[in-house]
Each structure stands twice: as C-alpha cells, then as structure tokens.
Amino acid sequence: MKVDPMKLVPMEAALTDIPFLSLRDVNARYADELKAAAARVIDSGWYVLGDEVAAFEREFAAYCGASHAVGVGNGLDALSLILRGYKELGVLEEGDEVIVPGNTFIASFLAITENRLAAVPVEPDPVTFNLDPAGVEAAIGPRTRAIMAVHLYGQLADTSALTALARRHKLLLIEDAAQAHGAISGGRKAGAFGDAAAFSFFPTKNLGALGDGGAVVTGDAVLAQRIAALRNYGSDVKYRHLFQGLNSRLDEMQAAMLRVKLKHLDEDIAWRRRLARRYREGIRHARIQLPAVAREEQHVWHLFVVRCAHRDALQRHLLAHGIQAQVHYPVPPHRQPAYVALRNAYLPLTERLHDEVLSLPMGPTMSEDAADRVIEACQSFECPP
Ligand SMILES: *Cc1c(COP(=O)(O)O)cnc(C)c1O
C-alpha cells in the first residue's frame, strides 16, 4: 500500500492510495467460491424464491440466534415491511409515533413515513452517538407505539435500557441492524433483542451482497409469515392475495453470494476490531475525539467514526496524504428537503455531529500498514487557527 517514492505514480492513484473501502478486494478473497455459487444458481434454472433464499434465511436466522429470517429486496424494505406487517396485524395504525435517532441514515426515517407513521427524532447520547434511553423516555407520548433502535456505526444501542423501556411503556422495539451484523451483548446478537430487526446486505455493509439485499429477523412467527407474504404481492400461496403487498424479494443469486460470505463474517469482524484497536491506541490527538466503546464485543466497526471540530480540514489533510475518509452523514434527515415538515425539530447535538463526524478507512481487507499510515496522518494534523 505504501507509495514508492522512486516510482512515478499518477496523481489520481496517489490521491486514493488508501481507499475508504475496496469492494473489489473484499470480494476477490472469495472469487472462486462466489463464482461456483453463481454457476450453481445459473444452472439451477430457478432465480427467485427458491432453495438458496430458503437456505440463507435458515443460516442467517441461526447466525443471529433468532427463529425466523425473511429475505427481502434491501434494508429499507426490511424496515418498512416490519412496520407494514405490524399495521396488517392491527398493532400499528396510521399516525402512530415511532421514536427514531435524529442522527441516523435517512432510510430509518423513510421506512416510518412511507407507512404513514410519524417519525419522532431524538438526540443521541453525546459520547456513543447512539440512542439515548433518557431522551427516548422523554419523547414518549400518548401516540408512541414503537422505538426504532439503530445500532449506529456497528455498535449496539443500549439494548437493556431500551428493552426495559419498551416493556414498561408497552412499545414495540424495532432494531435497525443494517450496520451491525454480528454485534453481540450478553450472548445475544443484533437482531435478537427487539420484536423484529432489519438488516441490509448492501455491498458496503459488513455482510454485503453483490447487489441489493435485505432481511427481516424476528422471533415472531406470525409477523414473519405476514412479511413473507407482503414481500411477494401479499400472497401466501400462488395467486391467493391476502394483502396488498409489494415485490421485494431477495433473489437466488444474492442469497447464494451471501451464503458464501456469511461463513467468513466473524473473521471479517475480528479483523475490523483489530484495526479499530490499532486506531484507538495510535491516534492521540487533542482535537480528534475517538469513538467511545461500551464493550469490544458490542461493536462490529462498520464505520470508525471520529469527531473533530475542524472536520473538513481534517478530511482535506488526510486526502493530501492519499487517504480517503468519508462523512456519515453530512446532513441529518430532519434537515433534508424531503422532510421540510421536520425542519424545526430542535436537535442541536445531532446537527453538530453531522458537521463534525468523519469516518476513517475501515474494512476487512485493509492492512495494518495502511492503518498505521492513517494514524500517522491524523497525528500530523494541525488544526487551523
Ligand atoms: C444501509 C442502511 C439502511 C438501508 O439499507 P439499504 O439496503 O441500503 O436499503 C438502513 N439503515 C441504516 C442504518 C443503514 O446503514
């Protein structure tokens, strides 16, 4: 990964010497297995809702320690179908409120509003940037029916406090686990804490397909059945339509890819933890705040996010050293044009975080040498006056 000073390197190549994440490298490790899996699907002649999806659903449910997984088209649909499923079951009604972190990816909000439910954004915990149970409790009102706990950046939200809150106030606890496959607490994995959980297999996620994919994971057999019908035109048996469903299915090809990659997920997580530990030990800079971790096993480091009041300058400084850092996310959902109705929500910490967070390169194929170069570059950062 090091630039050889004796070799002439084109400018562009030098600038992205350490990419944020190389998907090509991630999948190249399993190229032979992936190609064999693809060939198996091609030869089978069956491409939608077949043996591969059924097998992946069993394997992923088992991995999460939950009884059911339902493969769907993507992570947003997984979230949305959970809420839709509860509507079909009469548990949720239009206009009901769902509490959601203000500093999440916009998909968490979209799933709520797509179902004509009301998103009630709350401020994060200032140290972990994850959902703050006290803030959640303060936001509970007469129409609150659910809490959407996002395991942001790959770190579990405070599941014990949130589970207790949900039980006390008779609320659904829904996990947005799109960034947290494999995060674990007290022997329980992401996806097995709430009433239902949504996963994304977008290629950049810790468990990524080679295209779009998602899954709902739940211990509730009735909800799982409902969602299995909803994803397939609302149909339980061919040409019988119980609900006005949609078409959002995980396809056989992606399920086959995911079955290969699921076998290696724990090794990938272990490597991410190793890089994260290196970053946390190596970066000692008065103006760069490192991510707070409750317990190692609770974080799977989908993103390694630091906070810096001079974020843009830090990002430029890293780029000048050939390091590509990214911002997750530059504008919070309530400040997006899509959500003018929420524009006046009072979320000062959320807004500040969006101006100050920076995600350092992180991934299962990043070398320790590359991490050391990122550390060096951070250490040499001089804050503008
Ligand atoms: C990626 C992501 C989603 C959406 O998943 P897609 O598969 O891209 O639709 C939802 N929530 C969070 C927190 C995510 O990071």
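Counting starts at 1 for both ligands and their atoms, in listed order. Only heavy atoms go into these numbers, but all of them, side chains included; no hydrogens, no water, no symmetry mates.
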- [ ] For the residue pair His181 and Phe199, categorise the inter-ring angle as parallel (less than 30°), tilted (30 to 60°) or perpendicular (more than 60°).
- [x] tilted
Open item on the list: Quick check: Gln179 and ligand 1, any N/O pair under 3.5 Å apart?
Closed with: yes
Open item on the list: Under a 3.5 Å distance rule, please check whether Glu123 uses its side chain to pair with a backbone N or O of Thr350 as donor and acceptor.
Closed with: yes
- [ ] May I ask you to check whether Gly75 has an N/O atom sitting below 3.5 Å from an N/O atom of ligand 1?
- [x] yes
Open item on the list: Between Ser359 and His328, do the side chains contain a donor N or O and an acceptor N or O under 3.5 Å apart?
Closed with: yes
- [ ] Give a yes-or-no answer on whether the side chains of Asp176 and Ser108 include a donor-acceptor pair shorter than 3.5 Å.
- [x] yes
Open item on the list: Are any of the N/O atoms on Thr104, whether in the backbone or the side chain, positioned under 3.5 angstrom from an N/O atom of ligand 1?
Closed with: no
TODO: Could you tell me whether some N/O pair between Phe202 and ligand 1 is separated by less than 3.5 angstrom?
DONE: no
Task: Distance from atom 14 (C) of ligand 1 to nearest protein heavy atom, with residue and atom - done: Lys205 NZ, 3.0 Å
Task: Residue and atom name of the nearest protein heavy atom (relative to atom 9 (O) of ligand 1), distance in Å to one decimal - done: Leu76 N, 2.9 Å
- [ ] Give the numbers and elements of all ligand 1 atoms closer than 4.0 Å to a heavy atom of Ala107.
- [x] 3 (C), 4 (C), 10 (C)
Open item on the list: Can you classify the ring geometry of His321 versus His317 as parallel (below 30°), tilted (30 to 60°) or perpendicular (above 60°)?
Closed with: tilted
Open item on the list: What protein heavy atom lies closest to atom 11 (N) of ligand 1? Include the residue and the distance to one decimal.
Closed with: Asp176 OD2, 2.8 Å
- [ ] Run the salt-bridge test on Glu93 and Lys87 with the 4.0 Å N-O cut-off and return the result as yes or no.
- [x] no
- [ ] On the 0 to 90° scale, with breaks at 30° and 60°, tag the Phe56-Phe60 ring pair as parallel, tilted or perpendicular.
- [x] parallel
Task: Closest protein heavy atom (residue, atom, distance) for atom 8 (O) of ligand 1 - done: Ser200 OG, 4.0 Å
